Amino acid sequence: MGKIPQEPDISDAYDPSFVETKWQERWLVSGTNHTDLAGATKPFYALMMFPYPSAEGLHVGNLFAFTGNDIFARFQRLQGYDVFEPLGYDAFGIHSENYALKIGEHPGELIPSNIRNFRRQLERAGLMVDWRHTLSTTDPEYYKWTQWVFLQLLKQGLAYKKSAAVNWCPNDKTVLANEQVIAGACERCGAMVEQRQLEQWFFKISDYAPRLLSNLDTLDWTDSTRTAQRNWIGKSTGAEVEFKIDLDVDMSVKVFTTRPDTIFGATYLVLAPEHLLVDVVTTREEFDSVRDYRAMTAKQDLTSRKTSKEKTGVFTGSYATNPATGQPIPIWIADYVLMEYGTGAIMGVPGHDERDFEFATRYELPIVRVVAAEGHDASTPLDTAFVDNEDAVLVNSGAFDALSVEEGKRRITAMLETNQQGRGVNIYRIHDWCISRQRYWGPPIPIIYCDACGTVPVPEEDLPVLLPYVKEFKPDDSGISPLARHEEWYRVPCPKCGASARRETDVSDTFLDSAWYFLRYPSVGVDDQPFEPGMTKKWLPVTSYIGGNEHAVLHLLYSRFITMVLCDGGHLDFEEPFTKFRAHGMIVREGAKMSKSRGNVVTPDTYMEEWGADTFRTYLMFLGPFEEGGDFRDKGISGVRRFIERLWSSVKSCRSDGEPDADVMRKLHQTIRKVGEDIPRLSYNTAIAAMMEYMNVLRRGERVPHRAEVEPVVQLISPFAPHVAEELWEQLGRAESVFDSGWPGFDASLAAENTIELAVQVNGKLRGTLQVSPDITQAAALELALSEPGVSKFVTGTPRKVVFVPKRLLNIVV
RNA sequence: GCUCGGGUGGCGAAACCGGUAGACGCGAGGGACUUAAAAUCCCUUUCCCGCGAGGGAGUCCCAGUUCGAGUCUGGGCCCGAGCACCA
């Protein structure tokens, strides 16, 4: 084996920083990355989740995601689409504000410099972003329309204000959304969350629960993302049942149950301690104990209430009538019943619910069996809740005895409906979206409070309500926004009557900023409407969306909700924003999560400096499946760099005379097919492996590669390593950008193998292989196989059976 | 507890519809070139037995279906993520 006869001239050596600088400038000058939004005929909107521009700069995880999207986008462009790949910044929010407080600067000054740094890094990475359409959520030109979105919800009756028990973080001194509370602690700082009562703005996302749920079936999303959303929306099917209170008043307790079939076993009722009817049903004798119990539970924060293992409660002194049995059952209050779910009241069926069993045992309430395994003795006492509904039937349930659980649910619900004692309902776990934040760094909620006119929306023509520059923006624990300390800002005349009024001083949740940004990108620069109808019709919904799994529930759900609302309001003609969504994986380093404290954070700048952006990008995509992430190992990068250098020298030294090698060309066309199949599946790691494999074939033996053998590879690699690809494309004498050259043609006849390896098995065990024509017959293959001693020695007598899979294997069963 | 992922060489990983397990890359070992080193190039590299030809075992564990199972079915163990007193 000799060497490939090429002593690279030193001037031909691959210098990434030269190549990358050259092409980034060239792209800028010729507008290569610009999309003709108005003139596009085959629009392809390749969106990635926009980053929060942190002071630390671009994280390798950001770059992993953006590169993955960029490859897909560039590939679609090579397929002939007009690809739009915008990128902006999600720069409002607690994160920026806390960081600014920590280092004693103002976010209004910090963010622009962070954005400049991000922009520099993103350009360095060679993304095909059309920077004419960038945006930042902190720009008044942007948040003017975030405020407009709020006003649309208000107009459509979907925004309302209420006093609510909210999660209060004593450390960040702000209200948190339910989703920002992880196991009772603040998601950001880890402090234990307390309960507080505050006036808050809410969006009625719960009204949209059925649609948010049913539309999921129409989306090209992975099952895991859709399941996460389904679980979050949390649909339960059951019945609402009214239990008449045995008092002089004509009132009843409404409960929700998923098990109406067990109503004959309901031996008591439980109200949540804060339930309004508690005042009605508490008797004089029980007044003190009920009052004390309510006071005790009110003090508890949500956390200790949800994690306390012992169930406690007190009797109210009153009874209600079980509508099925006609028997009086006691009404209790207990903290295991939550006011915010269902009706805030339950029927206790200790025989068939583990929690009720525990409670009834503790307080010696009657336990009745109403479901039993078929043929089982219905009078056997229960020593645990019986919840196995497979092949079980109702017992002790009057006319409903012997029905299956499912049939019992239907028939008993129908009976309750007939008697006007209840009805079948679906209820949802999802809560309305609290968007108020008692913070500084966000868009002010566009509302004015007037003594005479009440709550008055800021007229649309007065938007934006500018966030004032205030030096003192640190929140305190008064629960009011920092803006409320700035009278010169919040004192305004009422837009209706002109009298002295005051502004809402809360700002809105960052999730609102990001719930509509994808609508804005095509219309960046349009100043009289949030999204221009023509552009919107052409470019939306988003063709392909890529982002992190951590947003699989909230951001995606809020975006879907806002899109539906805007659709219902007549502003959009589609109700689902993201036709296709894929979540990328996470990058770890040497098997461990990257973190500052571990000191194992990969700084993209240093790696791009050392290896070049092309190598870094390609390595990130090579280290594991894009949707799963991978393990970043410094040692691994060199292999990718070697691969790029081999391609570089092969192209530099290629010949145009003579004919290409048929075997090499066969492998080339197989590679074109493989890469073209892998990229749309986001199987980038295997696409790169296929190209490496091809390079190994190309460079085998002492031969100078032919131009036809290398030129298409430049196109194949271009989505991954765009700068090198452009440089080599130019070297090959091409005038246009490689990204306007189209995807290399695939010729199936050139890719076809003329001999294949056929595996020969005896009883399923591999005993040899045959080099044969792909269309060999079973008989010919069998004869050939039996002539091999390595095979025939295992075959005694006539085979009982022969299995032949064309182009794959021959299995002889003896 | 429930839901969703995942478990394959020394390591990152491939195997797309049930058909030759370990492609590709890293690391390691050996060699060529070199005064030497780096770089580059070539060979070997799942484990066990064997000088070799070859044989045996092997994809977390235990069963099953099948001519054939990493892949399908049932049961179990472990890791990761999300939800969780949701009636």
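In what follows, chains are A, B, ... by sequence order, proteins preceding strands, each numbered from 1. What you are looking at is a predicted structure, and each value in this text was computed from that prediction instead of being measured.
- Taking every side-chain heavy atom of A/R699 into account, B/C41 is the closest of B/C4, B/A84, B/C41.
- Among the protein residues, A/R641 comes within range of no part of the nucleic acid, since none of its heavy atoms lies under 4.0 Å from any strand.
- Atom C1' of B/U46 sits at a distance of 10 Å from the matching atom of B/U8, rounded to the whole Å.
- Side-chain atoms of A/T343 come within 3.5 Å of backbone atoms of A/K254 as a donor-acceptor pair (strictly under, hydrogens ignored).
- The shortest distance between side-chain heavy atoms of A/S649 and A/R699 falls below 4.5 Å.
- Comparing atom distances between the A/A689 side chain and each of B/C85, B/A23, B/A87 picks out B/A23 as nearest.
- Base orientation of B/C62: anti, since the glycosidic angle falls outside 90° of 0.
- A straight line from CD1 of A/I430 to P of B/C83 spans 13 Å, rounded to a whole angstrom.
- Between A/I233 atom CD1 and B/U3 atom C1' there is a gap of 15 Å when expressed in whole angstrom units.
- With a 4.5 Å cut-off on side-chain heavy atoms, A/T312 and A/Y293 count as touching.
- Comparing A/T225 and A/S236 along RNA chain B, the residue whose closest nucleotide (by nearest heavy atom) sits nearer the 5' end is A/T225.
- On the C1' atoms, B/G9 is 14 Å away from B/C48, given to the nearest whole Å.
- Nucleotides B/C17 and B/A69 place their C1' atoms 14 Å apart, quoted to the nearest Å.
- Rounding to whole angstrom units, NZ of residue A/K311 and P of B/A87 are separated by 14 Å.
- Proximity of a side-chain donor or acceptor of A/N763 to a complementary backbone N or O of A/V814 within less than 3.5 Å is detected.
- The partner of B/C4 is B/G80, judged by Watson-Crick or G-U wobble contacts that both fall below 3.5 Å.
- A/K765 has a side-chain polar atom (N or O) that falls below the 4.0 Å cut-off from OP1 or OP2 of B/A57.
- For the pair A/R767 CZ and B/G68 P, the interatomic distance rounds to 14 Å; values are reported in whole Å.
- At least one donor-acceptor pair closer than 3.5 Å links the side chain of A/D356 to the backbone N or O of A/V349.
- Ion pairing of A/R410 with A/D261 is absent here, as no side-chain N (NZ or NE/NH1/NH2) approaches a carboxylate O to less than 4.0 Å.
- For the pair A/R560 and A/W221, the distance from NZ or CZ to the six-membered ring centre is under 6.0 Å and the angle to the ring normal is within 45 degrees.
- Put simply, A/R230 has no side-chain N or O that comes within less than 4.0 Å of OP1 or OP2 on B/C83.
- Summarising the geometry, the separation between CD on A/E550 and C1' on B/G5 is reported as 16 Å, rounded to the nearest angstrom.
- Judged by distance alone, the side chain of A/T316 and the main-chain N or O of A/I331 form a donor-acceptor pair under 3.5 Å.
- B/G22 and B/C16 have their P atoms separated by 13 Å, given to the nearest Å.
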Between protein and nucleic acid, restricted to nucleotides 26-29 of chain B and to nitrogen or oxygen atoms under 3.5 Å apart, what atom pairs and distances do you find?
residue, atom, partner, partner atom, Å
B/C26, OP1, A/R642, NE, 3.2
B/C26, OP1, A/R642, NH2, 2.6

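- Comparing B/A87 with B/A14, their P atoms are spaced 38 Å from each other, to the whole Å.
- Contact annotation for A/N696: backbone-only contact, meaning every heavy-atom pair under 4.0 Å involves sugar-phosphate atoms and none involves a base.
- Nucleotide B/G25 holds its C1' atom 13 Å from the CD1 atom of A/I644, rounded to whole Å.
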For residues 616-628 of chain A, run the donor-acceptor check on the side chains, cut-off 3.5 Å, and write out each pair with its distance to 0.1 Å, sequence neighbours left out.
residue, atom, partner, partner atom, Å
A/R617, NE, A/F720, O, 2.9
A/R617, NH1, A/D70, OD2, 3.0
A/R617, NH1, A/A125, O, 3.0
A/R617, NH1, A/G126, O, 3.1
A/R617, NH2, A/D70, OD2, 2.7
A/R617, NH2, A/P719, O, 2.9
A/T618, OG1, A/D614, O, 2.7
A/Y619, OH, A/R633, N, 3.1
A/Y619, OH, A/R633, O, 3.0

Identify each atom pair where a protein N or O and an N or O of nucleotides 13-21 of chain B are less than 3.5 Å apart, giving names and distance.
residue, atom, partner, partner atom, Å
B/A14, OP1, A/N685, ND2, 2.9
B/C16, N4, A/K674, NZ, 2.8
B/U20, N3, A/E757, OE1, 2.8
B/U20, O4, A/E757, O, 3.2
B/U20, O4, A/E757, OE1, 2.7

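- Here, B/C60 and B/C78 have their P atoms 16 Å apart, quoted to the whole Å.
- Using Watson-Crick or G-U wobble geometry with both donor-acceptor distances under 3.5 Å, B/G64 finds its partner in B/C72.
- Counting heavy atoms from C-beta on, the side chains of A/L647 and A/V713 come closer than 4.5 Å.
- Whole-Å rounding puts the A/L338 CG to B/C85 P distance at 7 Å.
- Here B/G58 is in the anti range [glycosidic angle more than 90° from 0].
- A/F359 comes within 4.0 angstrom of no nucleic acid atom, judged by non-hydrogen atoms across all strands.
- The partner of B/U40 is B/A32, by the rule that a Watson-Crick or G-U pair needs both atom distances under 3.5 Å.
- With hydrogens and angles disregarded, a donor-acceptor distance shorter than 3.5 Å links the side chain of A/Q670 to the backbone of A/A751.
- Between B/C83 and B/G76, the two P atoms lie 26 Å apart (nearest whole Å).
- Pair check for B/C17 finds none; no Watson-Crick or G-U wobble contact set falls under 3.5 Å.
- Using cut-offs of 30° and 60° for the angle between ring planes, the A/Y363 and A/F359 rings count as tilted.
- Computed from coordinates, the A/F804 CZ to B/G68 C1' distance equals 16 Å when rounded to whole Å.
- Of the two residues contacting RNA chain B, namely A/G790 and A/V813, the nearest-nucleotide position lying further toward the 5' end is that of A/G790.
- The C1' atoms of B/G74 and B/U65 are separated by 11 Å, rounded to the nearest whole Å.
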